[in-house]
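Let me begin by presenting the structure, written as structure tokens, before commenting on it.
For the numbers below, each heavy atom of this structure counts, side chains included, while hydrogens, waters and symmetry mates do not.
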Amino acid sequence: MRTSEDTEQMVREQYTTTTPGTSLERPKNEYVYKIGIYGWRKRCLYLFVLLLLIILVVNFSLTVWILKVMWFSPTGMGHLRVTKEGLRLEGESEFLFPLYAKEIHSRVDSSLLLQSTHNVTVNARNSNGEVTGRLNVGPKMVEFHGQQFQINSKDGKPLFTVDENEVVIGTDKLRVTGPEGALFEHSVETPLVKAEAFKQLRLESPTRSLSMDAPRGINIKAQAGNIEALSQMDIKLHSSDGVLLLDAETVRLPKLPEGTRGGSGISQGLYEICVCPDGKLYLSVAGVGSTCQEYSRVCQ
């Protein structure tokens, strides 16, 4: 069992301060306690610190390389610049996911090109996220889904408008350049049908009848050329309230059948077209001579 002397000797200091001019003999160190990490623990600690230093250097080098490759700068990244008006992108860009933007426009001196290997779709949504308008440009067809489709001129004038009820063309002239012309399955309402200069105007109905109606008259006019009306059956010119006026120097009916001389009273089922002084036409039973009378009852 240790005594108090042994305990005092164990905790005795190794070095003793003395006053100048005195020297004391160092006591003999019987018990020494080592403080710190020694052995394999020390080697593992140094190895861990070295590994952390290597990782730090590698991460710093990768960061510098990424910043250089991506062209990071205080104003943006690569061709992407951050301005007061928004984002400005120079050159071609590829978006792998949907792009949401309020406005997309090109530079003043270049055009805006949207290109895709499949199709380009532009959607317009309301506050609830529902699609209210869609424009789909595909390899074979351009589709639009919406309540109304409208094309305006540079000054804001509507040129072409389509909705569920009607199609409106706001130009001064509609020109059809196809060799077969324009085909209408139903009626057409227009104030003027006009051919191109030095071209012929042809109104044709191959299998049905062709009808032209107007509340205040129909005016057919050819400035240089003839007007021909051809029909497989009958051509009827009917005026419900008015007269039929043929105003020309000569009116010819070249294919009217002519009768031959026969006995008196034999009409051969033929009629003679007579003209009243006021221009009115009427039929009279044909005879050997003319049966037209100047003061006929029909002319009065």
Side-chain angles (χ1 to χ4, degrees), residues 1-140:
M1 188 172 182
R2 293 183 181 180
T3 61
S4 60
E5 294 180 357
D6 296 334
T7 305
E8 182 179 358
Q9 185 177 1
M10 290 175 61
V11 297
R12 185 180 300 170
E13 297 180 353
Q14 296 182 5
Y15 300 97
T16 305
T17 58
T18 59
T19 57
T22 61
S23 60
L24 296 176
E25 185 180 355
R26 283 184 182 178
K28 186 177 180 180
N29 297 333
E30 296 182 356
Y31 300 96
V32 179
Y33 294 94
K34 296 181 179 181
I35 301 174
I37 302 175
Y38 299 94
W40 65 272
R41 293 185 180 88
K42 184 177 181 180
R43 290 191 295 270
C44 290
L45 179 61
Y46 287 164
L47 182 61
F48 181 71
V49 173
L50 181 61
L51 181 62
L52 289 180
L53 183 61
I54 294 175
I55 294 175
L56 180 62
V57 173
V58 172
N59 287 339
F60 181 76
S61 302
L62 290 177
T63 303
V64 174
W65 179 76
I66 292 174
L67 293 176
K68 184 178 180 180
V69 171
M70 299 300 293
W71 296 354
F72 278 98
S73 64
T75 59
M77 179 183 67
H79 295 291
L80 185 64
R81 296 289 184 268
V82 180
T83 61
K84 296 180 180 180
E85 300 178 355
L87 297 178
R88 181 174 180 177
L89 188 60
E90 300 288 344
E92 298 182 1
S93 301
E94 182 178 355
F95 298 93
L96 302 179
F97 297 98
L99 175 64
Y100 299 90
K102 182 179 180 181
E103 181 181 355
I104 301 176
H105 61 87
S106 62
R107 297 186 306 179
V108 180
D109 56 346
S110 62
S111 59
L112 178 63
L113 176 62
L114 301 178
Q115 185 175 358
S116 174
T117 56
H118 295 283
N119 53 24
V120 177
T121 302
V122 180
N123 293 333
R125 301 178 182 270
N126 55 14
S127 58
N128 298 328
E130 300 175 353
V131 178
T132 57
R134 175 180 299 171
L135 178 62
N136 187 3
V137 181
K140 295 182 179 180

Separation between CG (N59) and CD1 (I54), nearest 0.5 Å, reads 12.0 Å

side-chain contact (heavy atoms from CB on, under 4.5 Å) between N119 and V137, intermediate numbers included
CA-CA 5 Å; N119 53 24; V137 181; 5.9 Å; no

Run R134 and V122 through side-chain contact (heavy atoms from CB on, under 4.5 Å) and show every step you take.
CA-CA 6 Å; R134 175 180 299 171; V122 180; over 6 Å; no

In a check of side-chain contact (heavy atoms from CB on, under 4.5 Å) between I55 and each of L51, V58, L53, which one passes?
L51

Testing W40, F48, Y46 one by one against C44 for a side-chain contact (heavy atoms from CB on, under 4.5 Å), which residue passes?
W40

Between the CG atom in L50 and the CG atom in L45, the distance rounded to the nearest 0.5 Å is 11.5 Å

Is there a donor-acceptor pair closer than 3.5 Å between any side-chain N or O of T132 and the backbone N or O of N126?
no

Taking atom CD1 of I104 and atom CG of L114, what is their separation to the nearest 0.5 Å?
7.0 Å

